[in-house]
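Here's the structure, in structure tokens; my notes come after.
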Amino acid sequence: MERKNSNFAVWSDNLSVEIDLIDDQHKVLIQLINDSSHMIIEQDFDKVRNILRELRIYTDTHFSEEELLFSRSSYPHVDKHLKEHSYFVGKLDEFENNVSDNDIAVSLNILEFLKNWLFYHIEIVDKGYSLYVKKVLQE
Ligand SMILES: [Fe+2]
Ligand SMILES: [Fe+2]
């Protein structure tokens with residue numbers, strides 16, 4: 001089946017934080033956002049909700065992994081980063097409640113917000129820790 005809107009959220013090299021494990025996890029998050037955009041367009045809102053639940057669980061896994069790297073490397077800017085993480089988790093929970101069965105545009109708008117947040121977070125905030133963490137943990 002050909003998928004419409006297959007490029008809603010796509011990982012690209014400029015998102016790399018140069019830690020393979022973290023890049024792989026970011027790819028999964030982006031794929032899940034992309035998958036849910038397909039399901040919104042196909043108006044399969046049960047599947048949208050399933051994917052969002054998966055995204056919520058995987059986000060926890062991913063954030064825990066990053067937070068483990070912070071504590072192992074004594075990363076100094078943890079508080080600010082943790083605040084960003086809990087903001088995103090809050091937005092995911094909000095989205096799960098607001099996904100609209102009869103308004104594709106509303107759901108896609110919220111999903112667009114999540115995507116933009118995630119891309120910004122990876123490119124600016126996560127890249128902020130990755131060089132530091134890499135350097136400290138390799139020494
Ligand atoms: Fe991340
Ligand atoms: Fe992060």
Side-chain angles (χ1 to χ4, degrees):
M1 180 184 73
E2 206 195 314
R3 285 183 146 178
K4 295 175 213 138
N5 200 33
S6 60
N7 294 323
F8 182 81
V10 182
W11 195 87
S12 60
D13 286 343
N14 60 318
L15 292 172
S16 176
V17 299
E18 292 172 39
I19 299 173
D20 289 344
L21 172 71
I22 299 298
D23 281 349
D24 288 345
Q25 293 184 347
H26 288 157
K27 286 173 190 171
V28 173
L29 294 174
I30 290 167
Q31 186 60 54
L32 288 169
I33 287 181
N34 208 43
D35 289 348
S36 62
S37 81
H38 298 144
M39 291 306 132
I40 290 171
I41 285 171
E42 289 178 15
Q43 302 190 57
D44 190 340
F45 286 93
D46 286 336
K47 280 205 183 117
V48 174
R49 271 180 280 273
N50 286 340
I51 296 169
L52 286 178
R53 221 159 291 134
E54 220 183 305
L55 178 62
R56 175 71 171 77
I57 292 165
Y58 200 77
T59 295
D60 277 344
T61 305
H62 170 61
F63 286 171
S64 304
E65 192 73 52
E66 287 190 342
E67 289 159 23
L68 188 67
L69 290 178
F70 300 161
S71 61
R72 283 175 54 210
S73 63
S74 307
Y75 179 59
H77 309 296
V78 179
D79 288 353
K80 198 165 166 267
H81 205 122
L82 296 194
K83 268 187 204 140
E84 295 244 359
H85 284 175
S86 55
Y87 176 81
F88 188 67
V89 167
K91 285 288 170 191
L92 280 178
D93 290 341
E94 208 180 299
F95 186 31
E96 217 178 315
N97 298 326
N98 292 339
V99 161
S100 171
D101 284 9
N102 41 31
D103 196 335
I104 296 178
V106 167
S107 297
L108 280 179
N109 270 344
I110 309 175
L111 196 64
E112 178 89 19
F113 174 87
L114 295 179
K115 177 187 83 170
N116 290 339
W117 186 95
L118 186 63
F119 279 26
Y120 173 84
H121 182 81
I122 293 172
E123 225 173 321
I124 307 295
V125 185
D126 283 350
K127 278 189 188 174
Y129 80 72
S130 66
L131 280 182
Y132 173 90
V133 163
K134 237 180 123 171
K135 193 168 176 290
V136 169
L137 294 182
Q138 275 171 0
E139 273 166 4

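Both ligands and their constituent atoms are indexed starting at 1 by order of listing. Only this structure's heavy atoms are used, side chains among them; waters, hydrogens and symmetry mates stay out.
- Although no hydrogens or angles enter the test, the distance criterion places a donor-acceptor pair under 3.5 Å between the side chain of K134 and the main chain of E18.
- Protein N/O/S atoms closer than 2.8 Å to the Fe ion (ligand 1), listed by chain and residue number, are H26 NE2, H62 NE2, E66 OE2, D126 OD2.
- K115 contributes a side-chain N or O that, together with a main-chain N or O of F8, makes up a donor-acceptor pair within less than 3.5 Å.
- Checked by atom type, the side-chain pair D44/H38 shows no donor-acceptor distance below 3.5 Å.
- Ring centroids of H77 and Y75 are separated by less than 6.0 Å, placing the two rings close together.
- Residues H121 and F88 keep their aromatic ring centres 6.0 Å or farther apart.
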Less than 3.5 Å apart, which donor and acceptor atoms pair up between the side chains of residues 91-99 and the rest of the protein, not counting sequence neighbours?
| residue | atom | partner | partner atom | Å |
| --- | --- | --- | --- | --- |
| D93 | OD1 | R56 | NE | 2.7 |
| N97 | ND2 | D93 | O | 3.3 |
| N98 | ND2 | E94 | O | 3.4 |

